[in-house]
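Chain identifiers are assigned alphabetically (A, B, ...) following the order of the sequence lines, protein sequences preceding nucleic acid strands; residue numbering begins at 1 within each chain. Every value quoted in this text rests on a predicted model; they were computed, and no experiment measured them. Below, each value reflects all heavy atoms present in this structure, side chains not excepted, and no hydrogens, waters or symmetry copies.
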Amino acid sequence: MTAIDPAPVTRRPRVATAWLGGCSGCHMSFLDMDERLIELAGKIDLVYSPIADVKVFPADVDVTLVEGAVTNDENEHAARTIRRNSRFVVSFGDCATAGNVTAMRNRFTREELLQLAYVDLARGEIPTIPNDTTLAKLLVRARPLHEFVPVDAFLHGCPPSADEIWLAVSALVEGRKLELPAAYQRYG
Amino acid sequence: MAGAEKPMFAMDGNDVPFEPGQTILQAALAAGRYVPHLCFHPEFKPHGSCKLCTVKINGRTVASCTTLAKQGDEVESETPEIQDLRRNLVQFLFVEGNHFCPSCEKSGSCMLQAVAYDLGVMAEHFSPFFPSRPIDASHPDVLLDFNRCILCELCIRASAEVDGKNVFALSGRGAKKHLIVNAESGRLADTRLAVEDKAMDVCPVGVILRKRRGFQVPIGERKYDQHPIREVAVGKATARHASGKPSPQGPSKEGA
Ligand code: SF4
Ligand code: SF4
Ligand code: FES
């Protein structure tokens with residue numbers, strides 16, 4: 001695992017978390033750090049996150065945790081922006097790392113999938129497949145983050161435990177090498 | 001030891017004694033030295049197909065499960081070069097199938113997963129194939145999830161050699177090779193497979209599953225959740241989980 005250069009001493013580490021094609025379970029686990037979040041808030045600036053209501057991914061981020069597989073064109077665009085603007089990118093959980101639940105749709109075509117979800121299984125309304133041009137478009141297959149951009153570290157688990165996230169984030173914002181005990185390497 | 005000294009070979013600089021006729025893998029495991037392996041099962045003739053047990057002997061790479069131990073051999077096993085190779089083999093196995101560990105009944109007692117942990121496989125690295133492999137739920141007591149098959153042929157061997165039923169076979173070649181059910185309909189329900197069969201208890205991964213047993217042992221309390229595979233495989237840990245209940249896959253001998 002690569003170590004990052006320690007964050008510049010002139011400012012607090014800038015941390016981001018992003019939510020691509022995942023169920024938000026990894027972010028729930030992040031919140032499960034409970035009172036340790038207060039300690040973390042004292043050490044870092046959370047510059048982008050689903051829990052921070054910032055619209056545009058900022059520049060000059062030190063560490064970004066990315067939840068979810070890349071499953072649509074918007075995810076793909078976000079992945080590239082995140083990589084460009086972050087010094088250290090972490091695949092956060094099994095979907096980002098391996099596709100996982102999000103990739104279970106890969107045995108169907110997109111057309112089959114949309115037909116199934118919005119027409120065949122629709123109840124009580126006029127079944128329509130959403131086709132507004134502003135909506136994100138599904139990629140042919142959902143894929144792990146590292147298939148699109150280089151990734152510096154992987155956190156396993158569906159979701160990773162709060163303890164694991166705490167150890168990882170603490171190490172990274174202090175510029176320490178990310179070495180987790182073997183017990184945290186669990187798929188699922 | 002009284003009388004004749006046992007013959008020895010060296011593995012990563014350690015002396016390993018062996019009985020004539022033992023393979024390198026058998027002797028190493030008996031001496032408490034783990035060598036990663038998947039298609040080897042102590043009750044079956046070595047098969048030599050997964051190549052995970054590869055070692056270097058006097059500079060040549062061989063499968064240690066099919067190579068007889070010889071006095072004075074210099075065997076390299078856990079060198080960075082060999083471990084890298086093993087890691088790649090495990091990554092190939094992951095990307096060739098569909099391994100969704102969080103929803104897999106075998107998670108925690110799966111040899112592929114446990115070996116990946118042992119080798120420190122952080123990600124699949126290669127592009128996943130995401131093949132389409134429909135499951136077979138036709139049998140009243142058994143579920144077949146082909147998505148996880150690593151083609152070790154243990155079920156084929158057990159069904160043919162122990163059960164005398166020939167329920168399973170391989171079909172296709174190269175990347176198209178896959179496990180099939182030996183019945184005209186291709187369905188498991190149309191075979192004589194029974195839950196007592198040996199073929200039920202040899203799969204190192206989560207393909208051949210008993211129905212209505214899912215999650216009887218909670219995730220986190222399963223065999224390799226309790227002890228790393230390198231301890232289980234050499235008998236340093238009893239392959240029992242904390243609760244002492246039988247494993248949902250029956251009395252598994254894998255890695256014993
Ligand atoms: S068979 Fe093993 S590696 Fe595959 S999904 Fe199940 S637990 Fe994971
Ligand atoms: S079903 Fe299991 S035992 Fe049979 S070949 Fe596949 S991995 Fe091996
Ligand atoms: S264990 Fe030796 S080749 Fe599979």
Side chain, backbone, both or neither of F126(B) within contact of chain A (heavy atoms, under 4.5 Å): backbone
Among C104(B), P134(B), G120(B), the residue with the most heavy-atom pairs under 4.5 Å to chain A is G120(B)
Might you confirm whether atom NE2 of H178(B) has over 12 heavy atoms from other residues, nucleotides or ligands at distances under 6.0 Å? yes
Flag the pair M122(B) / S91(A) as yes when at least one side-chain heavy-atom distance between them is below 4.5 Å, and no otherwise. no
Taking side chain as everything from C-beta outward and backbone as N, CA, C, O, which of these in R186(A) sits under 4.5 Å from a heavy atom of chain B? Side chain, backbone, both or neither. both
CH2/W19(A): more than 12 non-hydrogen atoms of other groups inside 6.0 Å: no
Atom group of D225(B) that falls short of 4.5 Å from chain A, counting heavy atoms: both
Given heavy-atom pairs under 4.5 angstrom as the criterion, report whether the side chain, backbone, both or neither of A182(A) touches chain B. neither
Could you tell me which portion of A96(A) (side chain, backbone, both or neither) has an atom closer than 4.5 angstrom to a non-hydrogen atom of chain B? neither
Check whether any side-chain heavy atom of H156(A) lies under 4.5 Å from a side-chain heavy atom of C101(B), and answer yes or no. no
Are the side chains of P102(B) and D94(A) in touch, meaning some heavy atoms are under 4.5 Å apart? yes
Which pair of heavy atoms, one from F130(B) and one from R143(A), lies closest together, and at what distance? CE1-NH1, 4.1 Å
More than 12 heavy atoms of other residues, nucleotides or ligands under 6.0 Å from CD of E74(A): is that the case? no
Any donor-acceptor pair under 3.5 Å from Q185(A) side chain to V121(B) backbone: yes
Closest non-hydrogen atom pair between Y117(B) and Y187(A), with its separation: OH-N, 2.7 Å
Contact between H146(A) and H125(B) at the side-chain level, heavy atoms closer than 4.5 Å - yes or no? no
Residues, nucleotides or ligands: over 12 heavy atoms within 6.0 Å of Y118(A) OH: no
K211(B), NZ: over 12 other non-hydrogen atoms inside 6.0 angstrom: yes
Please indicate whether R173(B) has more than 12 foreign heavy atoms, meaning atoms of other residues, nucleotides or ligands, lying under 6.0 Å from its CZ. no
Honestly, the part of S107(B) sitting under 4.5 Å from a heavy atom of chain A is side chain
